Amino acid sequence: QVQLVESGGGMVQAGESLRLSCTASGVNFRIATMAWYRQAPGKERRLVAEIAAGGNTNYSDSVKGRFTISRNYAYNRVFLQMSSLKPEDTAVYYCHTAYYGRNWWGQGTQVTVSS
């Protein structure tokens, strides 16, 4: 059973930073592509950033240059460093991986950015 547990959300003001963390279990972390998605109220869940097993990364245009995804193989963790946060970054952020032929999601962590 794959489990993804996020932490690090909170409420900040515009321009500030936050770091999200996701700890994965039940998955071969060395070969898994890990990703962060977000879902704002009334909107679809959308990809924010992803990192492949070899370290290649991909970002949505809305966060390029402000967010950085990284991973720690020793602790099976993936991080999302978010800087220069904007009110439009307000959403529930979900950790994701595709494994055993299905999608796995964490419980989500709320990020709220006030102007």
Side-chain angles (χ1 to χ4, degrees):
Q1 181 79 0
V2 176
Q3 284 193 317
L4 304 172
V5 180
E6 303 106 332
S7 63
M11 184 179 296
V12 297
Q13 293 190 331
E16 294 184 341
S17 299
L18 273 177
R19 189 174 85 150
L20 305 183
S21 177
C22 170
T23 302
S25 60
V27 61
N28 186 340
F29 191 76
R30 292 198 169 272
I31 66 171
T33 292
M34 303 298 299
W36 288 96
Y37 283 73
R38 68 186 180 187
Q39 187 167 20
K43 296 192 176 180
E44 293 182 352
R45 191 172 298 187
R46 295 200 169 191
L47 177 68
V48 175
E50 61 184 348
I51 183 165
N56 288 341
T57 58
N58 179 48
Y59 296 92
S60 70
D61 288 343
S62 61
V63 306
K64 274 181 187 174
R66 300 189 298 121
F67 290 12
T68 302
I69 190 170
S70 61
R71 61 195 298 165
N72 182 307
Y73 292 94
Y75 293 98
N76 283 14
R77 287 183 185 156
V78 60
F79 304 99
L80 187 68
Q81 178 67 45
M82 306 183 292
S83 302
S84 302
L85 282 161
K86 304 175 181 180
E88 50 263 45
D89 294 317
T90 295
V92 178
Y93 284 70
Y94 296 92
C95 185
H96 169 271
T97 191
Y99 207 71
Y100 298 137
R102 58 162 284 188
N103 291 309
W104 300 88
W105 300 93
Q107 80 282 0
T109 186
Q110 177 70 47
V111 172
T112 303
V113 184
S114 60
S115 58

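Worth saying up front: this structure is predicted, and the values here are computed from it rather than measured.
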Would you mind reporting whether [Y] and [X] have side-chain heavy atoms less than 4.5 Å apart?
X     : Y      : answer
Val27 : Trp104 : no
Met34 : Phe29  : yes
Gln3  : Thr23  : no
Leu47 : His96  : no
Asn28 : Tyr99  : yes
Phe67 : Leu85  : yes
Arg38 : Val63  : yes
Cys95 : Trp36  : yes

Spacing of [atom1] belonging to [X] relative to [atom2] belonging to [Y], to within rounding of 0.5 Å:
X      : Y      : atom1 : atom2 : answer
Thr112 : Gln13  : OG1   : CD    : 12.5 Å
Asn58  : Ile51  : CG    : CD1   : 11.0 Å
Glu50  : Thr33  : CD    : OG1   : 6.5 Å
Asn76  : Leu4   : CG    : CG    : 10.5 Å
Leu18  : Thr109 : CG    : OG1   : 8.5 Å
Tyr59  : Leu80  : OH    : CG    : 7.5 Å

Nearest heavy-atom pair of [X] and [Y]: which atoms, and what distance?
X      : Y      : answer
Gly106 : Glu6   : CA-OE2, 3.2 Å
Ser84  : Arg66  : O-NH1, 2.9 Å
Ala14  : Ser115 : CB-CA, 4.3 Å
Arg77  : Ser21  : CD-OG, 4.0 Å

Salt-bridge present (Asp89, Lys86; N to O < 4.0 Å):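 No salt bridge links Asp89 with Lys86.
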Tell me whether [X] shares a hydrophobic cluster with [Y], the cluster being built from Ile, Leu, Val, Met, Phe, Trp, Tyr side chains joined at under 4.5 Å.
X     : Y      : answer
Val92 : Tyr37  : yes
Leu20 : Tyr73  : yes
Val12 : Val48  : yes
Ile31 : Ile69  : yes
Met82 : Val113 : yes

Backbone of Gln1 reached by a side-chain donor or acceptor of Tyr100 within 3.5 Å: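 Checking the backbone N and O of Gln1 against the side chain of Tyr100, no donor-acceptor pair under 3.5 Å is found.
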Heavy-atom neighbours of Glu88 CD exceed 12 at 6.0 Å: yes
